[in-house]
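To start, the structure itself, in C-alpha cells.
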Amino acid sequence: MEGPGPDDPFEYRGWTISYGNQEIGRNRFEELFACDAFLLGRMTYQGFAVASPSRTDEAGFSGRMNSRPKYVVSNTLKKAEWNNSTIINESFAGEVSKLKQMSGRDILVAGSATLVNTLLEHNLVDEFRFLTYPVVLGKGKRLFRKGNRATFRHMESKSFVLGDVLLSFKPDKRE
C-alpha cells in the first residue's frame, strides 16, 4: 500500500499510475460524492493538505475534497490548516463513535494504515473497500499490523479493464 503516488518517498513510488483510467476515476468520484466527511491519519492528511487546496477541475472532485469536513487523528499535529479540518487527538474511539452517529452519508478513510488498524481494533469499521492491482512490490508498508487478526464477509467485487479489482468487505462480527 506504500507509495502509490509519484511524490511518495518510497523506492517503488507511483506504482498505481499506469493503472489510472476513466473507469477508476469514475469509481473514486462516486466514492467521494457518497461521503460527507474524511477521517485521515496524520501522514495522509498532510499529503492531501499540500496537494488538494490548490487543485481545481471541472467535474468538482477537488472542490468536494476541499469543502468536506476532515477529521485528522494525530497525537503530534498541532494545527490543521486545510479548511474544514479538525484534529482528534484524545478520546479517539469516543470521538469517532460520535462522528459515526451523525446523520449523513459515509465517512471515508483513504490510506492511513495506522488509523485503519486502530479503527479495526476498536470495532469502528463498517466496511472495507480494497482497490487491488495486479502488481507485486515485494516490500513496503503492510496494510494490517503483524499479529492482527480479523475476519470479513465479502459484499461485492468489481473488476476493471486493466486488472484492478475493487473488493468490498464488512467485518464479520461472529467471532
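For this chain, numbers begin at 1 and follow the sequence in order. Keep in mind that this is a model prediction, so the values were computed, not measured.
- Contact annotation: the side chain of Val109 never approaches that of Tyr71 to less than 4.5 Å [non-hydrogen atoms, C-beta and beyond].
- The side-chain heavy atoms of Leu131 and Thr16, taken from C-beta on, include no pair separated by under 4.5 Å.
- Here the CZ atom belonging to Phe128 is positioned 4.5 Å from the CZ atom belonging to Phe152, to the nearest 0.5 angstrom.
- The shortest distance between side-chain heavy atoms of Thr118 and Arg145 falls below 4.5 Å.
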Where do Asn89 and Ser74 land on the side chain to side chain contact (heavy atoms under 4.5 Å, CB included) test, with the steps shown first? CA-CA 5 Å; Asn89 58 13; Ser74 175; 5.8 Å; no
Assess the residue pair Gln22 and Arg26 against the criterion (side-chain hydrogen bond (donor to acceptor under 3.5 Å, both in side chains)); give the C-alpha distance rounded to whole Å, side-chain angles, the decisive distance to 0.1 Å, and a yes or no. CA-CA 6 Å; Gln22 287 183 340; Arg26 253 191 323 278; 4.6 Å; no
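- For the pair Thr44 (side chain) and Ser112 (backbone), a donor-acceptor distance under 3.5 Å is present.
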Determine, step by step, whether Leu77 and Gln46 satisfy the side chain to side chain contact (heavy atoms under 4.5 Å, CB included) criterion, reporting the C-alpha distance in whole Å, the side-chain angles of both residues, the deciding distance to 0.1 Å, and the verdict. CA-CA 9 Å; Leu77 194 64; Gln46 288 177 315; 3.5 Å; yes
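- In this structure, the separation between NZ on Lys78 and OG1 on Thr76 is 7.0 Å, given to the nearest 0.5 Å.
- Separating the CG atom in Leu99 from the CG atom in Leu39 is a distance of 7.0 Å, to the nearest 0.5 Å.
- For the pair Arg105 and Asp36, the salt-bridge criterion is met [side-chain N within less than 4.0 Å of a carboxylate O].
- At a threshold of 4.5 Å between non-hydrogen side-chain atoms, the residues Arg129 and Asn27 do not count as touching.
- When the side chains of ILVMFWY residues are joined at heavy-atom separations under 4.5 Å, either directly or via intervening members, Leu108 and Phe130 end up in two distinct hydrophobic clusters.
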Could you go through residues 61-70 and list every donor-acceptor pair under 3.5 Å that involves a side-chain atom there, pairing it with any protein atom two or more places apart or in another chain?
| residue | atom | partner | partner atom | Å |
| --- | --- | --- | --- | --- |
| Ser62 | OG | Asp57 | OD1 | 2.8 |
| Arg64 | NH2 | Cys35 | O | 2.6 |
| Asn66 | OD1 | Trp82 | NE1 | 2.8 |
| Asn66 | ND2 | Ser52 | O | 3.1 |
| Asn66 | ND2 | Ser62 | O | 3.0 |
| Ser67 | OG | Gly63 | O | 3.0 |
| Ser67 | OG | Arg64 | O | 3.4 |
| Lys70 | NZ | Met65 | O | 3.1 |
| Lys70 | NZ | Asn66 | O | 3.0 |
| Lys70 | NZ | Arg68 | O | 2.6 |
| Lys70 | NZ | Asn83 | O | 3.1 |

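- In this structure, CG on Asn21 lies 8.0 Å from CZ on Phe160, to the nearest 0.5 angstrom.
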Could you walk me through whether Ser85 and Tyr45 pass the side-chain hydrogen bond (donor to acceptor under 3.5 Å, both in side chains) test, one step at a time? CA-CA 9 Å; Ser85 294; Tyr45 171 83; 3.1 Å; yes
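- In this structure, CG in Asn75 is found 11.5 Å from CD1 in Ile88, a value given to the nearest 0.5 Å.
- Distance check: Glu31 CD to Leu166 CG gives 7.0 Å after rounding to the nearest 0.5 Å.
- By the 6.0 Å contact criterion, CZ on Arg55 is open, its count of non-hydrogen atoms from other residues, nucleotides or ligands being 12 or less.
- Judged purely by atom type and a 3.5 angstrom limit, Asn117 uses its side chain to pair as donor or acceptor with the backbone of Ala113.
- For Lys98, the NZ atom is loosely surrounded, since the number of other residues' heavy atoms within 6.0 Å does not exceed 12.
- Electrostatic pairing of Lys158 and Glu156 does not count as a salt bridge here, judged by no charged N lying under 4.0 Å from a carboxylate O.
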